[in-house]
Amino acid sequence: MREMSSKRFDRKSLQSRIHTDGHGYERAIFRGYGFISFALAASLGVTTATAQGMPAGDAARGQAFFQVSCSTCHSSVLGPDNTVIMKQGPSLVGVVGRAAGSSPHFNYTKSIRDSGFVWDAASLNKFLVNPMEVVPGTAMPIPVGNPTNRADVIAYLSTLKIPAGVTLNYEVITNTGVATDPNDWPLQSPGVQHHFKVADLPEPYASRSVGNGPQTAPAPTNAMPAVPAGFTVTKFVDGLHNPRLMRTAPNGDVFIAETGRNRIRVIRTADGADAPVTNTVFASGLNRPFGISFYPPGDNPQWMYVANINSVVRFPYHNGDLTVSGAPETIVPKLSDTTGGHTTRDVVFSKDGKRMFISVGSGSNVAEEMNKKTADEIKAWEAENGLGATWGPEANRADVLVTDPEGKDPLRHYATGIRNGVGLAINQETGDLWVSTNERDNLGDNLVPDYVTRVKEGGYYGWPWYYMGNNEDPRHSGERPDLAGKAIVPDVLEQSHSASLQMTFYTATSGVAAFPAEYRGDAFVALHGSWNRSRRTGYKVVRIRINHGVPTGEYDDFMTGFVVNDYSVWGRPVGVTVAHDGALLVSEDGNGTMWRVAYGK
């Protein structure tokens with residue numbers, strides 16, 4: 001490292017120090033060409049007192065924190081020819097000194113563009129303490145609560161300079177041709193059917209991997225999602241803040257996580273009504289809550305469980321409660337050693353009420369920061385943690401964990417290799433556990449399919465070494481031959497990059513808004529929408545076809561119409577739940593609304 005600091009490197013020599021497989025620029029040994037690397041700063045003993053009253057930040061520690069906690073959504077390196085790498089969030093190369101929301105070709109929210117911030121140590125520190133409070137409506141709701149971590153990552157961001165005379169190249173996605181792929185947004189429509197098969201998957205990198213996040217726009221005047229003939233759709237609630245997963249209590253009250261505000265909201269309505277009679281905060285002071293579940297299963301729960309970002313807590317709860325009666329009781333104090341990357345956690349109970357399942361998403365796209373183990377080390381690790389279990393910063397990540405409802409049994413792996421299992425659900429007909437999963441990015445437009453599947457106990461679903469059965473991820477080529485042929489193929493493959501979030505089974509048999517009998521036993525899934533595909537897909541709710549508890553592999557578009565054009569969307573579905581009267585409720589976080597879909601009126 002010190003030798004590097006004393007030399008003058010040209011582009012070729014720097015590029016030779018970057019490990020690439022054609023696309024893997026995040027593996028740059030010195031974190032790339034086009035800015036000062038943290039390694040150089042560390043080699044010179046550089047630390048940064050980032051703002052008055054803050055602790056001195058250490059850039060080397062900040063880079064390590066960034067890779068574990070931030071790199072899934074933000075790039076800190078440049079690609080060849082100074083190309084800016086776009087992810088779900090903007091590139092942070094040159095962020096210090098830049099006006100918030102000002103870099104070109106990224107679709108910032110209006111709130112961040114209008115914030116007036118110019119990013120320096122002080123403004124970054126203020127923002128990262130509580131993004132949603134400082135800039136209400138921002139699409140970056142994840143705080144860095146620890147002051148030392150915050151100072152360190154700000155010190156690292158301060159090293160990401162753009163050298164004088166360097167012009168950054170921004171890839172611009174244009175879609176001027178006519179859409180022909182039925183998965184592209186212009187061809188979405190209620191009733192359009194999809195059936196993806198492993199045999200039809202393209203090779204990795206058959207198309208370029210692109211960063212194509214949407215601009216979230218206000219809903220157009222009189223905007224209304226499209227639903228099948230015979231159904232009606234109405235806006236049920238607006239003014240929600242970062243609405244996420246929803247669950248319906250046995251008495252019909254609907255609970256929704258407002259994750260960015262660290263609270264749970266409860267909504268009560270009369271059967272058949274187009275608006276709630278009660279809309280209030282049930283619990284606050286949580287830590288990025290997402291999953292909600294009632295226990296014991298059945299008509300008379302005694303507890304509400306909430307899955308925070310790194311714990312599971314519960315409140316006493318009885319049908320009709322509109323506010324908590326006390327502080328939460330911690331049932332599982334820690335889920336994993338790391339919390340960066342994917343932050344959603346769901347919690348559900350087995351049909352008999354004896355087991356509690358918790359989904360924990362990965363900390364990264366494809367375990368870039370996980371070290372290697374020898375064959376003997378892997379064998380010993382898997383003996384304790386299960387086939388395909390990951391380690392290091394990914395320990396207890398990308399899996400479904402299980403314990404008892406009191407949290408007395410040690411957490412163990414129920415299933416592994418599930419990259420980001422956002423939504424869990426129990427099929428009450430069969431008792432099967434299901435999961436709705438976001439798969440990995442950066443292999444091209446049509447890899448890797450997201451999926452919905454039954455979860456087999458002890459099952460391994462491929463991440464990070466394989467996908468869709470025995471397809472090896474080229475970024476981990478040759479690393480785990482022992483896992484060849486052992487990854488389970490999911491039941492229902494969804495269009496790649498759809499961002500599959502919450503799922504729910506349709507169980508209503510009566511009610512003024514109940515769907516026809518043919519819908520009973522099927523599942524509905526919210527697809528949040530793509531950022532890593534050249535033409536948008538997702539941004540809709542789909543119906544998963546199930547025959548007596550067994551998925552057919554097919555799904556249909558059910559609720560569409562949230563995309564404005566190639567660049568903008570006004571709705572991003574997140575949560576789905578069945579109301580007491582049989583209506584389907586859908587939350588979306590683009591404009592903070594909830595929609596009600598009823599059959600008939």
Side-chain angles (χ1 to χ4, degrees), residues 66 69-79 83-144 153-154 157 160 162 168-175 185 210-220 240-244 259-261 343 441 497 499 528-536 538-539 562-572 574 588-593:
F66 182 94
S69 301
C70 313
S71 63
T72 299
C73 294
H74 295 282
S75 173
S76 62
V77 299
L78 300 175
T83 302
V84 175
I85 299 172
M86 295 294 193
K87 295 189 176 184
Q88 289 172 282
S91 169
L92 296 183
V93 176
V95 65
V96 174
R98 187 167 73 206
S102 65
S103 61
H105 308 304
F106 187 81
N107 297 311
Y108 293 97
T109 59
K110 184 177 186 299
S111 57
I112 198 69
R113 292 197 309 269
D114 293 346
S115 68
F117 279 123
V118 174
W119 295 124
D120 58 14
S123 57
L124 282 166
N125 181 62
K126 181 179 180 181
F127 179 74
L128 291 174
V129 169
N130 191 332
M132 289 289 289
E133 183 176 290
V134 175
V135 184
T138 179
M140 207 303 283
I142 302 173
V144 180
V153 79
I154 291 170
L157 295 178
L160 308 184
I162 304 170
L168 302 183
N169 295 324
Y170 289 86
E171 183 178 37
V172 181
I173 308 301
T174 58
N175 291 305
W185 76 265
V210 299
N212 187 25
Q215 173 71 52
T216 303
L240 298 172
H241 297 276
N242 191 220
R244 312 302 284 165
T259 303
R261 293 296 177 94
T343 61
D441 300 313
H497 312 301
H528 196 229
S530 61
W531 70 268
N532 191 215
R533 194 167 186 269
S534 57
R535 192 182 288 271
R536 305 202 182 290
Y539 309 97
F562 290 107
V563 184
V564 178
N565 52 43
D566 280 339
Y567 311 101
S568 302
V569 304
W570 65 268
R572 306 196 72 178
V574 177
E588 65 81 24
D589 63 7
N591 276 277
T593 60

Using a 3.5 Å distance criterion without hydrogens, assess whether the side chain of [X] forms a donor-acceptor pair with backbone atoms of [Y].
X: Arg244; Y: Thr259; answer: no
X: Glu133; Y: Pro136; answer: no
X: Gln215; Y: Ala217; answer: no
X: Asp589; Y: Gly592; answer: no
X: Arg572; Y: Gly529; answer: yes
X: His74; Y: Leu92; answer: no
X: Thr138; Y: Met132; answer: no
X: Asp120; Y: Ala122; answer: yes
X: Lys126; Y: Val134; answer: no
X: Ser111; Y: Val135; answer: no

Partners passing side chain to side chain contact (heavy atoms under 4.5 Å, CB included) against [X] (at least two apart in sequence or in another chain):
X: Leu128; value: Met140, Val144, Arg150, Val153, Ile154
X: Asn532; value: Ser209, Asp441, Asn442, His497
X: Pro104; value: Tyr170
X: Ala100; value: Ile112, Ser115, Phe117, Trp119

[X] side chain near [Y] side chain, heavy-atom distance below 4.5 Å:
X: Asn169; Y: Val84; value: no
X: Ser530; Y: Trp185; value: no
X: Thr216; Y: Trp570; value: no
X: Tyr108; Y: Ser102; value: no
X: Val93; Y: Val77; value: no
X: Pro214; Y: Tyr567; value: no
X: Arg536; Y: Asn212; value: yes
X: Tyr539; Y: His528; value: no

[atom2] on [Y] to [atom1] on [X], rounded to 0.5 Å:
X: Ser91; Y: Leu168; atom1: OG; atom2: CG; result: 7.5 Å
X: Phe66; Y: Ser71; atom1: CZ; atom2: OG; result: 6.0 Å
X: Lys87; Y: Thr72; atom1: NZ; atom2: OG1; result: 6.5 Å
X: Ile142; Y: Cys73; atom1: CD1; atom2: SG; result: 6.0 Å

Exercise. Under the salt bridge (charged side-chain N to carboxylate O under 4.0 Å, His left out) rule, what pairs show up with a residue in residues 97-110, not counting sequence neighbours?
Worked result: Lys110-Asp114

On a heavy-atom basis, which atom in [X] and which in [Y] lie closest, and how many Å separate them?
X: Pro141; Y: Gly260; answer: CB-CA, 4.4 Å
X: Ala219; Y: Asn591; answer: N-ND2, 3.7 Å
X: Val172; Y: His105; answer: CG2-CE1, 3.4 Å
X: Ile85; Y: Ser75; answer: O-CB, 3.4 Å

Exercise. Going through the distances and angles, do Leu78 and Thr83 end up as a side chain to side chain contact (heavy atoms under 4.5 Å, CB included)?
Worked result: CA-CA 6 Å; Leu78 300 175; Thr83 302; over 6 Å; no

For this session: Quick one: list whatever passes ring-ring contact (aromatic ring centres under 6.0 Å, His included) with Trp531, sequence neighbours left out.
Result: none

Problem set entry | Basic-acidic side-chain contact under 4.0 Å: Arg535, Asp566 | yes

